[in-house]
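Heads up, the thing below is written out as structure tokens.
Sequence positions, counted from 1, serve as the residue numbers for this chain. When a ligand or atom number is given, it counts from 1 through the structure's own listing order. Values reported hereafter were calculated over all heavy atoms of this structure, with side chains retained and with hydrogens, waters and symmetry mates removed.
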Amino acid sequence: MWRAFRVVAASGLIVTLGCGPAAPKNAYTLHGQVLSVEAPRKTLTIKHDQIQGLMPAMTMPYTVRDEKLLNGIAAGDLVTATLVLESNDAYLATVTKTGSAPLEPAPPDAPMPAPPAVKLLQPGEEVPGARFVDQDGRARTFAAFKGAPVVMTFIYTRCPLPSFCPLMDRNFAKMQASFKQDPSFARVHLVTVSFDPERDTPSVLKAHARELHADLTRWTFLTGNRDDIERFAAGFGVAVSRAVNDPRDITHNLRTVVVDSDGRLVKTYNGNDWTPQQVLADLRPLAPRA
Ligand SMILES: [Cu+2]
């Protein structure tokens, strides 16, 4: 009897899977509350619970490919959504409203320091000095990169979404490959700064660099004192917030900057939709004069 039942159950499972829409391989279910909806950018920010097998509780912006999924979804809605991860992208394939709840006001006594009151650097302005520690544990200053154009971005290695920090890494790896093929980029240096220095220690960054096949003579990974890094990063518009009760819950934006060989800001890219080709075009006029 028991054996027969198991066979039926097993075949029932096969039938269910076989008849459903092709389930994406890397699909995860998330439950959370919508904090904001940005329809023009097909984006909604969701504060969600742990996603089993993928990431801890987190507040993240997620995109949808089908904007109709955002119809009727508003801030405060409780939702269940399907997050699909592809090697180069992440998007929500379903968003289902399950209820709604008042949005939690920010706790009045949140120990989160206000974002450092840092003036946003303008093109032509010199990047302020800052101290870091590199992937080999050596003290580095930003000023030491002077003499070569620099492309710099800000990430954390545990970022779970392929379209965020890991995309910055992939773009940098592509640029590194282009630099090797074109002598006019011979002296350009890549710099990746982690804004999660507690976890991104020099040895973690070193392993990360190895995974990316980074040539450490051309690409430096920096960590250091968290407050110093946040202040430095804020000058470029990088905003990082960490949940009060779970500092692993990092919400962040993306900024990638081009700095000339005199250490002056040339250009800032916001977000994740810049391409290596755009940055190479920015670098061409900066190539060091012979
Ligand atoms: Cu990230």
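For Thr268, the side chain to side chain contact (heavy atoms under 4.5 Å, CB included) criterion is met by Arg255, Val257, Leu265, Asn270, not counting sequence neighbours.
By the 6.0 Å contact criterion, CZ on Arg41 is open, its count of non-hydrogen atoms from other residues, nucleotides or ligands being 12 or less.
Phe142 has its ring centre less than 6.0 Å from the ring centre of Phe232. Ring to ring, Phe195 and Phe154 are not that close: their centroids are 6.0 angstrom or more apart.
Arg187 has its side chain out of reach of Ser261: every pair of non-hydrogen atoms, C-beta onward, lies at least 4.5 Å apart. With a 4.5 Å cut-off on side-chain heavy atoms, Leu190 and Thr220 do not count as touching.
Within a radius of less than 2.8 Å around the Cu ion (ligand 1), the protein N, O or S atoms are Cys159 SG, Cys165 SG, His252 NE2.
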